[in-house]
Amino acid sequence: MILIDGKKAAAELRDELKKEVSSLKDKYNKVPGLTVILIGDLTPSQIYVRNKEKSANEVGLKSEVIKYPDSVEEKTVLDKIQELNQDETVSGILVQLPLPKHIDKQKVIETIDPSKDVDGFHPMNVGNLSSGYESSVPCTPLGCYLLIKKIEPNLNGKKAVIVGRSNLNGKPMTQLLLKENCTVTITHSKTKDLKEECLEADIIVAAVGIPELIKGDWVREGTIVIDVGINKIEKGIVGDVNFDEVSKVAKALTPVPGGVGPMTIACLLKNTIDCFKRSQN
Ligand code: NAP
């Protein structure tokens, strides 16, 4: 069984991105810039944002974090996004979710200029992705996609089963694998026989949020299994896949932690650089 090392893959991607930033600097005499807006004092959000800033600096991006208290008015945030949309030194804008209840998430997402939408959540990017056009792709499914391609560069005709249909993970994952000519089944909480569906798969991507949902006897030999889940239980952090059981049958499997997670931030940096490159063309 191949243990898919997300930390190593993310470090390799960051190295490539660092070189790319350096050559962009030589070519354009400027570097891509990432601005993150952080609202409130939720500890996980603060940790995510700190890690994003650290990684951005590591690869040589210009990075900035704008912080607001929980009580900030929606208009203040929307005005700031409009200002950043006009700022040529800002290539990518990310508003860290979740937001306080009085701020309309969709309004925030739709105010970000789609060409600077490094999260890939703007409806225009969602539409472009599903139409097969160039777009920003949400960072976690993009990371999963890159890990799958490392194991199996030619995905033509493979049967992929996506477990979970969220806008954040399952749906964009489906589009990415369709583009690679996979035959994709997307499953969810109302799917009749999830085990049967999984047993058909060459590739399983689990993005559910239920600890160890995917069992060893749900996976046939030779399947690539990508575990997006992050679940805190008594014994620690586990994924949506029963690692001990599935590692006995899968061809390749991502661990949790250390699998998909590290790729997410590296893909945010990649998206920022891609936005910069598109803006120069
Ligand atoms: P979400 O928005 O809560 O969506 C969960 C999906 O799973 C829904 O489509 C739901 O179906 C489906 N589902 C629920 N119970 C199911 C069942 N018994 N059988 C099959 N499908 C079922 O979750 P999300 O935001 O995509 O996140 C999923 C997991 O990924 C979470 O553990 C989250 O913490 C983790 N995550 C990890 C990263 C990372 O960087 N590694 C990033 C983001 C999220 P319905 O649509 O029918 O309700």
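When a ligand or atom number is given, it counts from 1 through the structure's own listing order.
Checked for salt-bridge contact, D217 and K195 meet the test: a charged N lies under 4.0 Å from a carboxylate O. The pair E83-K80 meets the salt-bridge criterion, with a side-chain N (NZ, NE, NH1 or NH2) lying under 4.0 Å from an Asp/Glu carboxylate O. A salt bridge is defined here as a Lys NZ or Arg NE, NH1 or NH2 lying under 4.0 Å from an Asp or Glu carboxylate O, and E20 with K277 meets this definition.
Neither the backbone nor the side chain of T187 has a heavy atom within less than 4.0 Å of ligand 1. By the criterion of a heavy-atom distance under 4.0 Å, neither the backbone nor the side chain of T191 is placed next to ligand 1.
Nearest non-hydrogen protein atom to atom 36 (N) of ligand 1 is V228 O, 3.7 Å. In this structure, the protein non-hydrogen atom closest to atom 42 (C) of ligand 1 is T140 OG1, 3.3 Å. Of all protein heavy atoms, the one lying nearest to atom 33 (C) of ligand 1 is I230 N, 4.2 Å. For atom 18 (N) of ligand 1, the closest non-hydrogen atom on the protein side is I210 CD1, 3.6 Å. With hydrogens left out, the protein atom closest to atom 20 (C) of ligand 1 is H188 O, 3.2 Å, a heavy atom. Counting only heavy atoms of the protein, atom 29 (C) of ligand 1 lies nearest to G209 N, 3.7 Å. Protein heavy atom closest to atom 44 (C) of ligand 1, with residue, atom name and distance, is N169 ND2, 3.5 Å. For atom 2 (O) of ligand 1, the closest non-hydrogen atom of the protein is S166 CB, 3.3 Å.
Applying the 4.0 Å criterion to heavy atoms of L168 picks out, from ligand 1, the atoms 25 (O), 43 (C). Residue contact check: L194 has heavy atoms under 4.0 Å from atoms 19 (N), 20 (C) of ligand 1. Within ligand 1, counting atoms from 1 as listed, the ones closer than 4.0 Å to a heavy atom of N231 are 32 (O). Near G164, the atoms of ligand 1 lying under 4.0 angstrom from a non-hydrogen atom of the residue are 6 (C), 7 (O), 9 (O), 12 (C). Close contacts between ligand 1 and V260 involve ligand atoms 41 (N) [criterion: under 4.0 Å to a heavy atom].
A side-chain N or O of K159 and one of T185 form a donor-acceptor pair less than 3.5 Å apart. Q82 and Q86 share no side-chain donor-acceptor pair at under 3.5 Å. In summary, the side chains of T272 and S91 do not present any donor paired with an acceptor at a separation below 3.5 Å, with no hydrogens or angles considered. Remark: the T35 side chain and the E64 side chain contain an N/O donor-acceptor pair separated by less than 3.5 Å. Side chains of Q280 and K27: a donor-acceptor N/O pair is absent below 3.5 angstrom, by distance only.
With distances taken over non-hydrogen atoms, the option nearest atom 45 (P) of ligand 1 out of G170, C267, S189, P138 is S189. Looking at V208, L213, V238 and measuring to atom 3 (O) of ligand 1, the nearest heavy atom belongs to V208.
Separating the OG atom in S23 from the OH atom in Y28 is a distance of 9.5 Å, to the nearest 0.5 Å.
N156 places no side-chain N or O within donor-acceptor distance of the main-chain N or O of C182, the cut-off being under 3.5 Å.
When each of I148, V161, L176 is paired with V205, the side-chain contact (heavy atoms from CB on, under 4.5 Å) condition holds for I148 and for no other.
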